[in-house]
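When a residue number appears, it is its place in the shown sequence, counting from 1.
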Amino acid sequence: MKLANQETVAAMDADFGEMAVQVGQHAWGIADLTMRERAFVFVAADLCAHNLGFPLLTHVEMARSQGVSVASIREAVRHLAPYVGYPTAAEALMALAEIDDGDERVTRGEVFELDGNTLQRLTSLDADFAGFFQGQFKDRWGRADLSVRERALCTIATDVLNGTLDESFRLHVELALGHGAEMAQVRAVLLLVAEFGIAKAWRAYRALNEI
């Protein structure tokens, strides 16, 4: 598989270029994830690492070459805003604004409720935070442009790279498994984001084995 901007990366440093191509081909070729899922996980990783220039646009170009629309990638950024920070999401959308594939759409979908047990645990910590969390959750998880499975898998990537491997990680793994994913897909997300922090992925595999 030829990667987007492969020659540009090689021109920076030949040895690093060879390493990067090998890692990129491995990640984009992970069989347990669909191309859309890989693209959204890459976007999540870029936002967590604040890679909002060349890396993000390279991953978007690669996704587009495989049939993933910029509109879907924008929706992934909207979904990820509470997990990576609204300022970071705003910067990513500014970068994506330079790309027009003529396929913008917004589909609100149905309200997707946070489960009662999670809401109760959040409320026991702080009622105001629980209300904020519930509002953010309801505002985005039911939107129709991405499936719940796709949203959960890319949000798992943020848990790995942010180190939020407790309640948040468990919630998103359960959402993925409850909406069509299998454990193989969850493990594939961890394998893909190892490119962005191999030690973080190691910790995440250990946390996953405890679920």
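- Both Met62 and Met35 sit in one connected hydrophobic cluster of ILVMFWY residues. Membership requires side-chain heavy atoms under 4.5 Å apart, directly or through other members.
- Side-chain contact between Leu171 and Asp115 is present, with heavy atoms from C-beta onward closer than 4.5 Å.
- Counting heavy atoms from C-beta on, the side chains of Thr155 and Arg140 never come closer than 4.5 Å.
- Counting only heavy atoms from C-beta outward, the side chains of Glu195 and His26 never approach each other to under 4.5 Å.
- Phe42 CZ to Phe196 CZ: the interatomic distance, rounded to the nearest 0.5 Å, is 5.5 Å.
- Between Ser72 and Glu75, the closest side-chain pair of non-hydrogen atoms is not below 4.5 Å.
- Here the OG atom belonging to Ser168 is positioned 8.5 Å from the CG atom belonging to Asn162, to the nearest 0.5 angstrom.
- Leu190 and Leu80 end up in the same hydrophobic cluster when Ile, Leu, Val, Met, Phe, Trp and Tyr side chains are linked at under 4.5 Å.
- Smallest separation of non-hydrogen atoms from Ala44 and Val84: O-CG1, 4.5 Å.
- For Thr88 against Leu47, the heavy-atom pair with the smallest separation is CG2-O, 3.4 Å.
- Interatomic distance, Arg151 CZ to Glu37 CD, rounded to the nearest 0.5 Å: 13.0 Å.
- The heavy-atom pair separating Ala188 from Asp32 by the smallest distance is CB-CB, 3.9 Å.
- Ala157 approaches Val41 most closely through the heavy-atom pair CB-CG1, 4.0 Å.
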Exercise. Yes or no on side chain to side chain contact (heavy atoms under 4.5 Å, CB included) for Phe40 and Leu153, after CA distance, side-chain angles and deciding distance?
Worked result: CA-CA 8 Å; Phe40 301 148; Leu153 291 174; over 6 Å; no
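- Side-chain contact between Lys200 and Val193 is absent, with no heavy atoms from C-beta onward closer than 4.5 Å.
- Interatomic distance, Leu114 CG to Leu175 CG, rounded to the nearest 0.5 Å: 8.5 Å.
- Ring pair His172/Trp141: centre-to-centre distance below 6.0 Å.
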For this session: Carefully, step by step, assess Arg187 and Asn209 under the rule side chain to side chain contact (heavy atoms under 4.5 Å, CB included).
Result: CA-CA 10 Å; Arg187 290 185 173 276; Asn209 285 343; 2.5 Å; yes
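- Residues Arg206 and Arg203 are in side-chain contact: their nearest non-hydrogen atoms beyond the backbone lie under 4.5 Å apart.
- In the hydrophobic clustering of this structure, Val77 groups with Leu57; members are Ile, Leu, Val, Met, Phe, Trp, Tyr whose side-chain heavy atoms approach within less than 4.5 Å, directly or through other members.
- Applying the salt bridge (Lys or Arg N to Asp or Glu O under 4.0 Å) test to Glu174 and every residue at least two apart in sequence or in another chain returns nothing.
- Contact annotation: the side chain of Leu56 never approaches that of Asn51 to less than 4.5 Å [non-hydrogen atoms, C-beta and beyond].
- Taking the six-membered ring where the residue is Trp, His79 and Tyr83 present tilted rings, their angle falling between 30° and 60°.
- For Gln136, the CD atom is densely surrounded, since the number of other residues' heavy atoms within 6.0 Å is greater than 12.
- With rounding to the nearest 0.5 Å, the separation of CD in Glu167 from CZ in Arg170 is 8.5 Å.
- A salt bridge (Lys or Arg N to Asp or Glu O under 4.0 Å) with Glu150 holds for exactly one of Arg36, Arg38, Arg143; it is Arg36.
- Remark: aromatic rings of His59 and Phe54 are distant, center separation not under 6.0 Å.
- The shortest heavy-atom contact between Thr158 and Cys48 is CA-SG, 3.6 Å.
- Residue Tyr205 qualifies as enclosed at atom OH: its count of foreign heavy atoms under 6.0 Å is above 12.
- Between Ile99 and Arg74 the shortest heavy-atom distance is O-NH2, 2.8 Å.
- Residue Met183 is grouped with residue Ile156 when hydrophobic side chains (ILVMFWY) are merged at heavy-atom distances under 4.5 angstrom, including chains of intermediate members.
- The distance from atom CG of Leu125 to atom CZ of Phe133, rounded to the nearest 0.5 Å, is 11.0 Å.
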For this session: Check the pair Glu91 / Tyr86 against side chain to side chain contact (heavy atoms under 4.5 Å, CB included), numbers first and verdict last.
Result: CA-CA 9 Å; Glu91 288 188 63; Tyr86 274 83; over 6 Å; no
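- A heavy-atom distance below 4.5 Å is found between the side chains of Phe169 and Leu208.
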